[in-house]
S.K.: 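One structure coming up, written as structure tokens, with questions to follow.
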Amino acid sequence: MTPLVVQQRPSAADHIDEAAGTDSAAFLDHLRRFTRERVAPVAGLIDRSDEIGTELFGELVRQGLFANSLGYQADQPHGGPERVRFLLQVLEEIARVSPSVAKAVMDQNLGQIGMLRDYAGPELRDRYLEAIRTGEKQAAFAMSEPQTGSNVARFTTVATPVEGGYRISGEKDWITGAARRTVHFVVAKPAPESREVGLFLVDRTLLGAGDGTVEIDDRKEKLGLRGLGEFHVRYHDVFVPVEHVVLGFERGTLRRIMRHYNGKRLGQSAICLGLSKSALRTAFDYASARLPAGSPGHLAMQSTLAPLVSELRAAQHLVDWAAGEWAAGDETGAPSAMAKYVTGDLAQRVTNAAAQVCGANGLSDKMPLARLMRDARMLTMAGGASEVLRGTVAQHLDRLLD
């Protein structure tokens, strides 16, 4: 793919200034200008080329969007409720313009980055958080496997103890950004039949002679959320020094991993909210400009969009509640699951209705709606299919009905 080039030009959003670096409202204000000026003009190109270029990633770094620690409180789960809500606002704002870019930012703040913050040793944690913050490195989460998805019981990737660390062998699939991201957080078992798992940090830049190999291939041609790259990865006898073991083969390791995976589901919920708001605004503005107020067509548009706006407001409160539950230490995964499948299903209906309101142009490249429709469809699968997430909620109905 041809690298995406973002033209450099003076802008009010070039850098987060001192106030924005310490204040969430100022940060969000700068972010809105940045997304309008820098991301919006290339959102369609990212989708068509299936590439977020190096230069745009550099812009994201300069805006302070990777491993952002603004408002982080180390004595509270996941940095505290205000920190969690701030990150979700960031993702929602970016997703109004490009859900793909929003997911790239999410992956360098939630999930594997949260695991690094909470579970790695201080030296490893600080070194890699700084490398991610400055854009020197990006991190991928290598969990799902070919033929088994995220069914850990059937995983075959194994980490074998050796002198000074472990050797990892196995295959992972649909690993987001695996080719670009040189740091892989790999979930592995001590043996295929084991019920326990561990979490290992593989830094591909540190592999020397005799340290094994990482092969990355089979980039997926996918419907939406294009530009990130999803890959098949083979780990061949890859050496991981003991200091790079983030979580060992202990009872409860999977539960600790899933705590942060649930945070990614909240991030995806925020992305669904952002793209839904963008679709509704696009359809309303387009139809209002073409149809006289009070005309049958204008009234039909209003009756189509009004219930969706109402549902979107309700979904926003659901995500806020789920974020509070997660920040308070929820381990059931039910609030995050509920937020993700509700917002994902709603995003599909919103984008479909918005395109219908806009007629043929709604399905053309003249408008962003076709792209948003495809992105919404992907979000009902990535991070846990809606059917699976409804099952998670079902397991906790007794508590949720209190």
Side-chain angles (χ1 to χ4, degrees), residues 24 27-28 31 57 60-61 63-74 76-95 98-120 125 128-129 131-133 135 137-144 150 175-177 181 183-185 187 199 201 225 228 246-247 255-275 319-320 322-331 333 335-340 343-344 378-379 382-384 389:
S24 58
F27 191 103
L28 289 168
L31 177 64
F57 272 112
L60 299 174
V61 168
Q63 297 307 311
L65 287 167
F66 287 178
N68 186 288
S69 59
L70 182 59
Y72 187 85
Q73 296 176 278
Q76 296 191 45
H78 314 300
E82 293 309 311
R83 150 79 173 171
V84 171
R85 291 186 173 99
F86 165 72
L87 282 179
L88 297 186
Q89 284 182 285
V90 166
L91 298 176
E92 182 181 318
E93 286 295 335
I94 301 172
S98 172
S100 293
V101 174
K103 190 174 186 305
V105 171
M106 181 192 78
D107 286 346
Q108 303 310 309
N109 281 283
L110 295 170
Q112 55 266 31
I113 308 305
M115 297 175 206
L116 177 64
R117 285 186 189 276
D118 283 2
Y119 307 143
R125 177 196 66 209
Y128 278 91
L129 279 178
I132 291 164
R133 187 189 67 79
K137 297 181 183 293
Q138 292 183 40
F141 183 56
M143 183 170 179
S144 61
S150 296
I175 307 307
T176 302
R181 302 174 186 180
V183 178
H184 291 193
F185 286 78
V187 178
L199 183 65
L201 190 156
L225 291 178
L228 300 163
V246 180
L247 287 168
R255 184 174 67 251
R256 297 171 78 183
I257 291 172
M258 289 308 297
R259 286 178 192 167
H260 287 278
Y261 201 71
N262 288 329
K264 294 187 80 167
R265 287 171 173 167
L266 285 174
Q268 290 168 321
S269 300
I271 293 172
C272 286
L273 292 176
L275 75 86
V319 173
D320 186 69
E325 292 289 296
W326 185 64
D330 172 75
E331 293 190 3
S336 299
M338 194 183 301
K340 183 180 182 296
T343 56
M378 288 296 296
L379 286 161
L389 299 178

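The basis for the numbers below is simple: all heavy atoms, side chains too, and nothing from hydrogens, waters or symmetry mates.
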S.K.: Could you measure the distance from the CD1 atom of Ile94 to the CE atom of Met106? Nearest 0.5 Å is fine.
M.R.: 11.5 Å

S.K.: Search all heavy atoms of Leu91 against all heavy atoms of Ala102 and return the closest pair with its distance.
M.R.: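 Looking at all heavy atoms of both residues, the shortest contact is CD2-O, 3.4 Å.
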
S.K.: Using only atom types and a distance under 3.5 Å, with no angle test, would you say the side chain of Ser98 pairs donor to acceptor with the backbone of Ala95?
M.R.: no

S.K.: I need the Ser69 OG to Arg117 CZ distance, nearest 0.5 Å.
M.R.: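 Answer rounded to 0.5 Å: 6.0 Å.
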
S.K.: Checking side-chain contact (heavy atoms from CB on, under 4.5 Å) between Ile257 and each of Val246, Leu199, Asn262, which is the one that passes?
M.R.: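 Of the listed options, the one satisfying the test is Leu199.
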
S.K.: Return yes if some donor-acceptor pair links the side-chain N/O of Asn68 with the main-chain N/O of Asn109 below 3.5 Å, else return no.
M.R.: no

S.K.: Has Gln112 got a side-chain atom pairing as donor or acceptor with Phe185's backbone, closer than 3.5 angstrom?
M.R.: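 It does not hold such a pair.
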
S.K.: Of all the heavy-atom pairs spanning Gly263 and Trp326, show the shortest one and how long it is.
M.R.: CA-CZ2, 3.3 Å

S.K.: Tell me, please, which residues at least two apart from Asp118 pass salt bridge (charged side-chain N to carboxylate O under 4.0 Å, His left out).
M.R.: none

S.K.: If I take atom CG from residue Asp107 and atom CG from residue Leu228, how far apart are they, to the nearest 0.5 angstrom?
M.R.: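 Atom-to-atom, Asp107:CG and Leu228:CG are 7.0 Å apart.
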
S.K.: Between Gly384 and Leu389, what is the shortest heavy-atom contact and its length?
M.R.: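 Heavy-atom minimum between the residues: O-CD1, 3.5 Å.
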
S.K.: For the CG atom of Asp320 and the OG atom of Ser269, what is their distance to the nearest 0.5 Å?
M.R.: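 That separation rounds to 12.0 Å.
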
S.K.: Assess whether side-chain contact (heavy atoms from CB on, under 4.5 Å) is satisfied between Leu88 and Leu273, documenting all intermediate values.
M.R.: CA-CA 10 Å; Leu88 297 186; Leu273 292 176; over 6 Å; no

S.K.: Is any side-chain heavy atom of His78 closer than 4.5 Å to one of Arg83?
M.R.: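 They are not in side-chain contact.
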
S.K.: Quick one: does Arg265's side chain have a donor or acceptor within less than 3.5 Å of a partner on Ala339's backbone?
M.R.: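 Answer holds: no.
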
S.K.: Can a cation-pi geometry be assigned to Arg259 and Tyr119, taking NZ or CZ under 6.0 Å from the six-membered ring centre and within 45° of the ring axis?
M.R.: no

S.K.: For Tyr261 and Phe141, take the angle between the two ring planes, folded into 0 to 90°, and tell me which bin it lands in: parallel under 30, tilted 30 to 60, perpendicular over 60.
M.R.: tilted

S.K.: Would a distance-only check, ignoring hydrogens and angles, find a side-chain to backbone donor-acceptor pair under 3.5 Å from Asp330 to Gly333?
M.R.: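 Yes; judged by distance alone, with no hydrogens or angles, the pair exists.
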
S.K.: Do Arg181 and Thr176 have side chains that approach each other closer than 4.5 Å (heavy atoms only, starting at C-beta)?
M.R.: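 Arg181 reaches Thr176 side chain to side chain.
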
S.K.: If you compare all heavy atoms of Gly80 against all heavy atoms of Ala327, which two are closest, and at what distance to 0.1 Å?
M.R.: C-CB, 4.1 Å

S.K.: Using the side chain to side chain donor-acceptor pair (under 3.5 Å) criterion, which residues pair with Gln89? Sequence neighbours excluded.
M.R.: none

S.K.: For the CG atom of Leu70 and the CG atom of Leu65, what is their distance to the nearest 0.5 Å?
M.R.: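 CG of Leu65 is found 11.0 Å from CG of Leu70.
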
S.K.: At their closest point, which heavy atom of Pro77 faces which heavy atom of Ala328, and how far apart are they?
M.R.: CG-C, 4.3 Å

S.K.: Is a side-chain N or O of Lys340 found less than 3.5 angstrom from the main chain of Leu379, in a donor-acceptor match?
M.R.: yes

S.K.: Would you name the heavy atoms of Phe86 and Ser24 that are closest together and state the gap between them?
M.R.: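 For Phe86 versus Ser24, the nearest heavy atoms are CD1-CB, 3.5 Å.
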
S.K.: With side chains defined as the heavy atoms from C-beta onward, is the minimum distance between Ile113 and Phe66 less than 4.5 Å?
M.R.: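 No, their side chains stay 4.5 Å or more apart.
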
S.K.: Drop me the distance from Leu110's CG to Lys103's NZ, to the nearest 0.5 angstrom.
M.R.: 11.0 Å

